[in-house]
Amino acid sequence: MLEIAGLKSLRRFDKRDLLFLLLFLSFFGYLFVTGEPLYVGDTFQYENQMIMREPVYALLIQLCRAISPQYHYQMIILIQNLLAAAANTAVIGFMRKQFHLKLWESLVFAGILLVPHIMTPVFASTHLVLTNALMTEGILFSLYPLAFASLLDMIWSGKPVGKKGFRTLVFFLLLSLIRGQMMVLFVVWFLAAYVLVVKNGIAATDRTQDGKNTFVLAENIGKQGLVAILAAFTIAFAARSVLIHVYNYCEQGLFVDTASGKAMSFANVLYVADRADGEAIVDDELRAVFYEMYDRADADQMNYKYAPSGLLGRARHHEECHDELNFTYFSDAARQYVGEKQGIYADRYQELMIALDEVAADLSAELMPEVLGRYVWNYLSVAALGFIRTVAYENSFLAWYAVLIYIAAAALTVMLWRRDPGSRAASFMAVVLLTIAGNVCATALMIQCISRYMIYNLPLFYMAGFLELREIMGKAGLRIWDIRN
């Protein structure tokens, strides 16, 4: 953390870091002292090491429970609030040193970093205080900006293969072991590393007499580490899978990956299905299961046909239906089917979850060709709401604000890159936009794009936007000075 903040040794301690540490300690200390541990729906699954959840947060609960069985919840939220203070201080330190921020600019960044911790209790339907909630967001909202700072450090070093690059990939691996949603960061890392490899390869080729020779260019790209980043990318995915399999085997005796993802994504298929689509299911018993869950859901208007008009209306209706479709309509019918077919009941709960995922996969495979058009249309609605929620609160007015601010961000990025290909503000925003797109598009495939899944990138987006405006205004000011003089 100190390295990311740019503090090479304690002898060079920066008093401004102490100022922001005290600021964040005051904010998160207040949340800790005035709040209490918030036991949510996910908490039970983590504290019982269920195979539907990734290992890191479950292991944190186990560790704190081993240290203090009576006060382990309080210990967890203490850790979460201290982590938030330390991580945000490190991010501010990193940004201040990279962009030579003035004190007031650093204070603006501090306020931006706190926005998710203010928005969620005030505006979200759950009203959760993130660092007091016993769920992955309690630590992820602190670690995520720190991991992104590591990615920026890699990009600005110009070296995809090296300590900073592999440190960032390991950081992303850790985040993916906290929450599967973070796997999209592997792709972001690879794309950023690939761009650096190609850029370095082109530069190496231009320094030779063979600047237009395609084979020389390809060779130079390879020499810059293309094979290494491909190998690292593959190893990261494989390592995650192996670690989760080993964890589930140690905890539950089942050498399996995280379960429930297929059931979550099938809820999206069930939402856009018509009853007639069931005719595509070959197996009679499985078709009967589909009809049972469909008829119950349709009777309760848990189907796309009952969504209000308008993009936001459709997305909100899907959001209201998704969890019920998964945990009630699908789960009830599928459990009965698995019990009768395989003899697996709730007393073998972990195995039951695996079996339900298999049923969901079978149903999705047979129904998807029938529902594909409606599925894509619904997916676009859900993703659109995700893009809005990443940068704003959802309503009709702010939806247009979100569209305009994305256009402005893209335009500013292109403008700055044309003026200065080495613009750090532009590269910051470009990576943020890439990460937003990856997070929204991946999440919309699996589940609904609720605010707490989306706003990881909100502080980063506005910090990058601030820096782009600052750079443009600074250059405009210099031009005015030159004209006057």
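Positions are given from 1, in the same order as the sequence printed here.
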Could you check whether [Y] and [X], counting side-chain N and O atoms only, form a donor-acceptor pair closer than 3.5 Å?
X: N132; Y: N81; result: yes
X: W417; Y: S423; result: no
X: Y57; Y: Q45; result: no
X: E468; Y: T413; result: yes

Exercise. Do you know which two heavy atoms are closest between L416 and A426, and how far apart they sit?
Worked result: CB-CB, 3.9 Å

Seminar exercise, completed: Looking only at heavy atoms, the pair that brings E54 and R179 closest together is OE1-CA, 3.8 Å

Problem set entry | Atom pair CD/CG of E251 and L59 - distance to nearest 0.5 Å | 6.5 Å

For this session: Measure the NZ-CG distance between K164 and L152 for me, rounded to the nearest 0.5 Å.
Result: 11.5 Å

For [X], is the [atom1] atom crowded, meaning more than 12 foreign heavy atoms sit under 6.0 Å from it?
X: F237; atom1: CZ; result: yes
X: Y194; atom1: OH; result: no
X: W377; atom1: CH2; result: no
X: Y401; atom1: OH; result: yes

Problem set entry | Residue pair Q80, S142: steps toward the side chain to side chain donor-acceptor pair (under 3.5 Å) verdict | CA-CA 8 Å; Q80 291 178 172; S142 304; over 6 Å; no

Exercise. Can R167 and S150 be said to form a side chain to side chain donor-acceptor pair (under 3.5 Å), step by step?
Worked result: CA-CA 8 Å; R167 176 195 65 196; S150 182; 3.0 Å; yes

Exercise. Does C449 offer a backbone N or O that forms a donor-acceptor pair with the side chain of R389 under 3.5 Å?
Worked result: yes

Exercise. With no hydrogens and no angle check, is any side-chain donor or acceptor of N378 less than 3.5 Å from a backbone partner on A315?
Worked result: no

For this session: Starting from the C-alpha separation in whole Å, work towards a yes-or-no answer on salt bridge (Lys or Arg N to Asp or Glu O under 4.0 Å) for E105 and R96.
Result: CA-CA 9 Å; E105 293 171 325; R96 190 181 67 249; over 6 Å; no

Problem set entry | Heavy-atom side-chain contact between V195 and L191 under 4.5 Å | no

Exercise. Heavy-atom distance under 4.5 Å between the side chains of R53 and T258, does that happen here?
Worked result: no

For this session: Describe, in one word, how the ring planes of W104 and F466 are oriented to each other, choosing from parallel (under 30°), tilted (30 to 60°) and perpendicular (over 60°).
Result: perpendicular

For this session: Just say parallel, tilted or perpendicular for the rings of F141 and H117, cut-offs at 30° and 60°.
Result: perpendicular

Tabulate below the donor-acceptor pairs under 3.5 Å that side-chain atoms of residues 24-36 make, not counting sequence neighbours, or state none.
{"unit_1": "S26", "atom_1": "OG", "unit_2": "L22", "atom_2": "O", "d": "2.8"}
{"unit_1": "T34", "atom_1": "OG1", "unit_2": "Y30", "atom_2": "O", "d": "2.6"}

Problem set entry | Step-by-step salt bridge (Lys or Arg N to Asp or Glu O under 4.0 Å) determination, K163 to D153 | CA-CA 11 Å; K163 182 177 68 173; D153 198 25; over 6 Å; no

Counting only pairs under 3.5 Å, give me each side-chain donor-acceptor contact of residues 404-411, with atom names and distances, residues two or more places apart or in other chains.
{"unit_1": "Y406", "atom_1": "OH", "unit_2": "F387", "atom_2": "O", "d": "2.7"}

Problem set entry | Verdict with supporting geometry, Y144 and E137, side chain to side chain donor-acceptor pair (under 3.5 Å) | CA-CA 10 Å; Y144 187 88; E137 284 84 351; over 6 Å; no

For this session: Please lay out, stage by stage, how E471 and R424 fare under the test salt bridge (Lys or Arg N to Asp or Glu O under 4.0 Å).
Result: CA-CA 10 Å; E471 186 170 328; R424 289 193 170 188; over 6 Å; no

Problem set entry | Test of ring centre spacing under 6.0 Å for F186 and F172 | no

Exercise. Is the ring centre of F99 less than 6.0 Å from the ring centre of W156?
Worked result: yes

Exercise. Between T435 and N457, is a side chain to side chain donor-acceptor pair (under 3.5 Å) present by the stated rule, with each step listed?
Worked result: CA-CA 8 Å; T435 310; N457 291 299; 5.0 Å; no

